[in-house]
Amino acid sequence: MATRQYWLVKSEPGTFSFDDLLASPNKTTSWDGVRNYAARNFMREMNKGDRVLFYHSSADPTAIVRIAEVVREAYPDPTALDPAHPHYDPKSKRESPTWDPVDIRAVEKLARRETLADVKRTKGLEKMALVRLGRLSVQPVTAKEFEIVQRLGGG
DNA sequence: GCCAACGTTGGC
DNA sequence: GCCAACGTTGGC
């Protein structure tokens, strides 16, 4: 079995919030619609059971709100192949799909969310990709960083 | 392959 | 709403 890895995904709560994830069947959703190669590559590296920090961007406040897990590894994004879908990508072909999301499921509530401001001032978190890379919507998190967020969140 | 123009993300 | 950072596109 592969070592568990840790990740962070961003979502605008106005578009898809963690509450929306909780309300989804089996508290599971496909992380489809991602159209960024770096983000896509990270999703391809994800394994079942990996833990995922769920971050609310463009929110007040912007914060890591909950923990989720990968329940299905990368598979072809059906929204990229559907001409009627807003995320349709004519360059993605059924034989060789360009985009492959994973499925994630809500697992753990953080009693306290960790705001971006908290992250920046917390020792051990200042170097998180969240701070360094800014816009990337799917990013790696180190085991240590994950542990700190989980502990601070009281989860 | 270079690079300017343009588009998007996302914090503030 | 502004704008920095960065990704993508397309002319050459």
Side-chain angles (χ1 to χ4, degrees), chain A residues 5-24 28-46 50-70 73-106 108-142 144-146 148-155:
Chain A
Q5 299 177 96
Y6 301 93
W7 311 95
L8 179 145
V9 298
K10 294 181 184 176
S11 188
E12 296 190 24
T15 305
F16 191 86
S17 68
F18 201 90
D19 284 338
D20 293 327
L21 178 59
L22 289 177
S24 302
T28 300
T29 195
S30 172
W31 210 249
D32 58 20
V34 171
R35 297 293 179 266
N36 172 286
Y37 287 100
R40 190 274 316 264
N41 292 342
F42 286 130
M43 288 202 286
R44 286 182 174 176
E45 290 178 33
M46 293 184 184
D50 283 1
R51 291 298 194 253
V52 180
L53 298 174
F54 197 98
Y55 177 80
H56 277 168
S57 61
S58 299
D60 187 19
T62 55
I64 298 166
V65 287
R66 307 278 183 103
I67 295 171
E69 70 172 334
V70 175
E73 296 175 9
Y75 59 94
D77 188 338
T79 71
L81 302 172
D82 176 4
H85 198 282
H87 291 143
Y88 176 60
D89 178 1
K91 292 195 298 298
S92 185
K93 296 287 180 285
R94 198 163 290 278
E95 319 80 73
S96 56
T98 310
W99 307 110
D100 18 13
V102 296
D103 284 359
I104 66 169
R105 175 169 65 200
E108 191 176 338
K109 174 176 183 166
L110 291 178
R112 285 185 302 279
R113 64 194 173 191
E114 184 81 355
T115 67
L116 181 60
D118 292 336
V119 168
K120 285 178 175 171
R121 81 168 82 89
T122 299
K123 197 161 164 32
L125 298 184
E126 332 84 311
K127 297 219 175 65
M128 280 187 81
L130 183 61
V131 178
R132 288 185 295 110
L133 296 181
R135 307 178 314 132
L136 192 56
S137 65
V138 178
Q139 353 179 310
V141 171
T142 68
K144 188 135 245 169
E145 289 163 350
F146 182 86
I148 294 172
V149 170
Q150 193 172 36
R151 180 162 43 76
L152 292 176

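Since the structure is predicted, the reported quantities are computational estimates derived from the model, not experimental observations. Chain letters run A, B, ... following the sequence lines, proteins first, then strands; residues in each count from 1.
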- Message: Expressed as a whole number of angstroms, how long is the span from A:N36:CG to B:dT9:C1'?
- Response: 10 Å

- Give one of base, sugar-phosphate or nothing for A:L133, where a contact means two heavy atoms less than 4.0 Å apart. nothing

- Between A:Y75 and A:W99, is the ring centre distance below 6.0 Å? no

- Is a side-chain donor-acceptor pair under 3.5 Å present for A:D50 with A:W7? yes

- Item | Gap between atoms CZ and P, on A:R132 and B:dG10 respectively (whole Å) | 16 Å

- Task: Take atom CD of A:Q139 and atom C1' of C:dA5, then tell me their distance rounded to the nearest Å.
- Result: 14 Å

- Message: Under a plain distance cut-off of 3.5 Å, with no hydrogens placed, do A:R35 and A:T79 share a side-chain donor-acceptor pair?
- Response: yes

- Please check the phosphate of B:dT8 (OP1 and OP2 only) for any side-chain N or O of A:K10 closer than 4.0 Å. no

- Rounded to whole angstrom units, what separation is found between the CD1 atom of A:I64 and the P atom of B:dG11? 11 Å

- Taken to the nearest whole Å, OH/A:Y37 to C1'/B:dT8 is 16 Å

- Nearest-Å distance, CZ (A:R35) to C1' (C:dG7)? 15 Å

- Residue A:R135, side-chain heavy atoms: nucleotide from C:dT8, B:dG11, B:dT9 that is nearest: B:dT9

- To the nearest angstrom, how far is A:H56 atom NE2 from B:dG11 atom P? 12 Å

- Task: Could you please name the option among B:dG11, B:dG10, C:dT8 that lies closest to any side-chain atom of A:K120?
- Result: B:dG11

- Message: Within the 3.5 Å criterion, strictly below it, is a donor on A:T115 or A:D118 matched to an acceptor on the partner's side chain?
- Response: yes

- Given atom OH of A:Y55 and atom P of B:dT9, what is their separation to the nearest angstrom? 15 Å

